[in-house]
Protein chains: 2
Amino acid sequence: MGGLELSEKGLSISTVERETGLLKDTLRVWEKRYGFPTPGRDENGERVYGRDQVDKLLLIKRLIDRGARPSKVVGLSMEELLERTGSRADEAANPPELTEALKLVKTHNVVGLRNRLDSSLLHQGLERFLQDTVAPLNLMVGEAWMRGEFEVFEEHLYTESVQALLRSTVASVSRPSGSPRVLLTTLPGEQHILGMLMAECMLWIHGAACIALGPQTPAGEIARAADAQRADVVGLSFSPAYPAHTAVDTLVALRAMLPPGIAMWAGGSNPALFRRRIDGVLPVRELAAIPDAVASWRANRSGT
Amino acid sequence: MGGLELSEKGLSISTVERETGLLKDTLRVWEKRYGFPTPGRDENGERVYGRDQVDKLLLIKRLIDRGARPSKVVGLSMEELLERTGSRADEAANPPELTEALKLVKTHNVVGLRNRLDSSLLHQGLERFLQDTVAPLNLMVGEAWMRGEFEVFEEHLYTESVQALLRSTVASVSRPSGSPRVLLTTLPGEQHILGMLMAECMLWIHGAACIALGPQTPAGEIARAADAQRADVVGLSFSPAYPAHTAVDTLVALRAMLPPGIAMWAGGSNPALFRRRIDGVLPVRELAAIPDAVASWRANRSGT
DNA sequence: GCCCATAATTGTCCTAGACAAATATTGACA
DNA sequence: TGTCAATATTTGTCTAGGACAATTATGGGC
C-alpha cells in the first residue's frame, strides 16, 4: 500500500513531501512545468527520487521562501542555486564569538556549544543574549545550511541546544503571573518553536505571563483556550516556510472568533505578516518590538 | 490559490488533512466508498468540511489507530462511535490522585496541575513518577479525549505541563556522560515527543548518556549524526498514529545504513513495533523495559 | 485446534485538466 | 520621472476516476 521508504535506492513521493514540505501536487506540477525534479520510476510506475534531488529541492524551497520565483530557480543547476544564496562577504561582519559558536556546531561539540551559550547568557543577561546571540546565530545557521556548509542534523543539534537552554531558563519562572496574560502557540503545520520560545523569554522579562500551548493548535481550539485561560493576548509565531495565505486567512478567521477585548500578536520572520495590515492583529517584526507591544498594551488598558 | 481556511463556514480539504493527519486522497476515497465525510461545496466546486465532521474524523482515526477497520467505523453515527470507545467501567480502577490530576486539567488549572505534578515527582522519585503517574495519566487523557470529555486544547495544556516538568528535570543533568551513548529522535512526520522525553529521563536514571536531536530527523541524517556523535545506540519513538509500514520500512532502511556496532532501539505505543521482529532492532514495549535494554547492552559490550 | 489458499479491504499513486489568487508588466496620466 | 490602475503571467492546489499492491479476513482441509 504505497509507503515505500528511503532505502539506498530512492524515496517515494510521500517521503519527499514529508521531508521537503512540498505537496505531492506541487512536486508533480514542477516536474511537468520546469522539468525538475526528474524522478525515476519503480517497477510499479511510481516516482522514485534520489537523495540529491531532495537536497536540491530543500535548497530551492528556502530560496522561494525568501522571495525567489519558482520559474526562476526550479531547474537551475546546483552551482547556479548556490550563487543565488547571496550573503557573500558579509559573513566576515559577524562577531567572532558567533563564528566560534558555529564552529563548535560544525565540529559536533555539543558540550562545548552548551558551555559557550551558558556563559554568553550569564555574561550578557537574557535579553541581550536573545537579541545579540541567539537571533543572529539562527540567521547564520540558516545561511550556512543554504551554502551547504551544514548538514540537517547539525542544524537539529544547534536548535536542540538552544531550546534546551531557553526552556530551562523559562522553567525557572515558578508560576505564570503578571500582565498581560499571553497565550502562546503556533498554527497546525507550523513546527518551528524556537521563535515562540524566544518570545516567551522576552515576554517574561517584561513582566507578562505566558501560557504555552505548545505547537500546532487549530484556530478553534486557540479561541476556546483563550477563553478558558482568560488570556489578554493571543501570540502566534510563523516561520518563513509557513504558507503566506494560510497564515493570513487563519489570522483573520481567528480574529473573528475572539472577542475584541483579546488582542492578537503575530510574530516571526514570515514576510506575510508585514506585507499588508491585518485588522486587529499586531505584527511583531522582531524580538525588540515585544517590549513596545507590552508597554502599549498596558497603556491602552490603563486608559480604559 | 487554494488554501481556504477555517472561517466559521468550513474548512478546506488541506486544512482537514493537516488537522486530522488523513491524506486528501484518503478523505476523498472514504467519501466515495463509505459515504463519509459529506463535505459541502463552495462556489468553486471545492469541498468544505464542517467542524463536526472533523471532530468525527479525529475520533474515527483514533479508533483505526487502535485496530478498528475503516469499513466498520467510518460511517457510524457519533453515538455508535462513542460506544466503541471501550474503557467502560475501568476508569474507577484508576488511583484517585490521577483522577484528581485530570480534574485539574478539566478545570484549566495549570498552576494546580503543575504543583501536583511537582509534588508527585518529589514524593515518588523520577522513575516511579514516570511509570506510575505520567504513563497512566497519558492513557487516561487519551481515553477521556476519545469519550469527548476533553477538548484538544486541554490535551495540549496537559502535554505542555508534563513536558515542561520533564524538560527541566533533564536539564538539571549538567552534561551528557555515561554509557551507552544514546542518540534520541523521531522520524519525519512523527511529532509526538512526550514518549521520547520520558525515555530520555529513564535512560538518564540508568546511567546512559542521551544526545537529543529533537523530532523529525530523516533517516540519512540520523545515520550521519550517529557517526558524528559516536553513538552506541540509536533510539526512536513512535506514537500509535504513526503509519505502521512507514515505521517498519524506515527502521529496516536505517538498520542497513548504520554499522552493526550501533544498536537500534524502537519504543512507543505503536503496534507495528511488536507485531513482527525487525532484524537488528530492539523493540522497547514500555518504559520498564529500558533498564533491561541498558543492562543487556552493557553485558554484551563487556562480553566482547 | 492450526495452517494455507482465496477473497475482500484499503491506502496511495497515477494522469490530465481547471481555475483563482498572487505577482509581474504594461500603459496612462500627473 | 514617479504613481496608480488595468491586463497578463505565474503558481499552487483542487477536481475526477481509475488502478494496483499490500494488508487483513475468510473458508476449507487436516
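Labels below follow one simple rule: chain letters A, B, ... track the order of the sequence lines, proteins then strands, and each chain is numbered from 1.
Residue-level contact check: Arg33(B) touches the bases, meaning some heavy atom is under 4.0 Å from a base atom.
Look at CZ on Arg69(B): it is 9 Å from P on dT9(C), rounded to the nearest Å. Rounding to whole angstrom units, CG of residue Asp42(B) and C1' of dC19(C) are separated by 11 Å. Rounded to an integer number of Å, the gap from Ile13(A) CD1 to dC13(C) C1' is 8 Å. The nearest whole Å value for the distance from the CH2 atom in Trp30(B) to the P atom in dT10(C) is 10 Å. Across the protein-nucleic acid pair, Glu46(A) atom CD and dA19(D) atom C1' stand 10 Å apart, rounded to whole Å. Atom CG of Leu27(A) is separated from atom C1' of dT11(D) by 14 Å (rounded to the nearest Å). Residue Glu31(A) contributes atom CD, which lies 13 Å from atom C1' of dC13(C) at whole-angstrom precision. Rounded to an integer number of Å, the gap from Leu22(A) CG to dT13(D) C1' is 13 Å.
Closest approach to the Ser14(A) side chain among dT12(C), dT9(C), dC13(C) is made by dC13(C) (side chain taken as heavy atoms from C-beta onward). Of the candidates dC14(D), dT13(D), dG11(C), dC14(D) carries the atom nearest the Lys24(B) side chain, counting heavy atoms from C-beta on. Of the candidate nucleotides dT11(D), dC14(C), dT12(C), dT11(D) has the atom lying nearest to any side-chain atom of Pro70(A). Nearest to the side-chain atoms of Ser12(A) among the listed nucleotides dT13(D), dC13(C), dA20(C) stands dC13(C). Looking at the side chain of Ser71(A), the nearest of the listed nucleotides dC13(C), dT11(D), dG12(D) is dT11(D).
In this structure, the side chain of Gln53(A) does not engage the main chain of Gly50(A) through any donor-acceptor pair within 3.5 Å. For the pair Asn44(A) (side chain) and Glu46(A) (backbone), a donor-acceptor distance under 3.5 Å is absent. Asn270(B) places no side-chain N or O within 3.5 Å of a backbone atom of Phe238(B) that could act as its donor or acceptor partner. The backbone N or O of Pro39(A) lies less than 3.5 Å from no partner atom in the side chain of Arg47(A), so there is not a single donor-acceptor pair.
A close approach under 4.0 Å does not occur between any side-chain nitrogen or oxygen of Thr26(A) and OP1 or OP2 of dT11(D). Here Tyr34(B) reaches the OP1 or OP2 of dT10(C): one of its side-chain N or O atoms lies under 4.0 Å away.
Note on Glu31(A) versus Arg28(A): no salt bridge recorded, every NZ/NE/NH1/NH2 to OD/OE distance being 4.0 Å or above.
The structure places OG1 of Thr26(A) at 9.5 Å from CD1 of Ile64(A), a figure rounded to the nearest 0.5 Å.
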Would you be so kind as to tabulate the donor-acceptor pairs closer than 3.5 Å made by side chains of residues 213-220 of chain B, with sequence neighbours excluded?
residue: Gln216(B); atom: OE1; partner: Gly189(B); partner atom: N; Å: 2.7
residue: Gln216(B); atom: NE2; partner: Gln191(A); partner atom: OE1; Å: 3.0
residue: Thr217(B); atom: OG1; partner: His156(A); partner atom: ND1; Å: 3.2
residue: Thr217(B); atom: OG1; partner: Thr185(B); partner atom: OG1; Å: 2.7

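Over its full length, the helix from dG1(C)-dC30(D) to dA30(C)-dT1(D) turns its helical axis through 20°, comparing axes from the five pairs at each end and rounding to 10°.
The side-chain heavy atoms of Val284(A) and Ile290(A), taken from C-beta on, include a pair separated by under 4.5 Å. The side-chain heavy atoms of Glu190(B) and Ser239(B), taken from C-beta on, include a pair separated by under 4.5 Å. Using a 4.5 Å heavy-atom threshold, the side chains of Leu57(B) and Phe36(B) count as touching.
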Please tabulate the protein-to-nucleotide N/O contacts below 3.5 Å involving nucleotides 16-18 of chain D, giving atom names and distances.
residue: dA16(D); atom: OP2; partner: Arg47(B); partner atom: NH2; Å: 2.4

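In terms of position along DNA chain C, the nucleotide closest to Leu23(B) lies nearer the 5' end than the nucleotide closest to the other residue of the pair Leu23(B) and Lys72(A). Each of Pro243(A) and Glu43(A) lies near DNA chain D, and the nucleotide nearest Pro243(A) is the one positioned closer to the 5' end.
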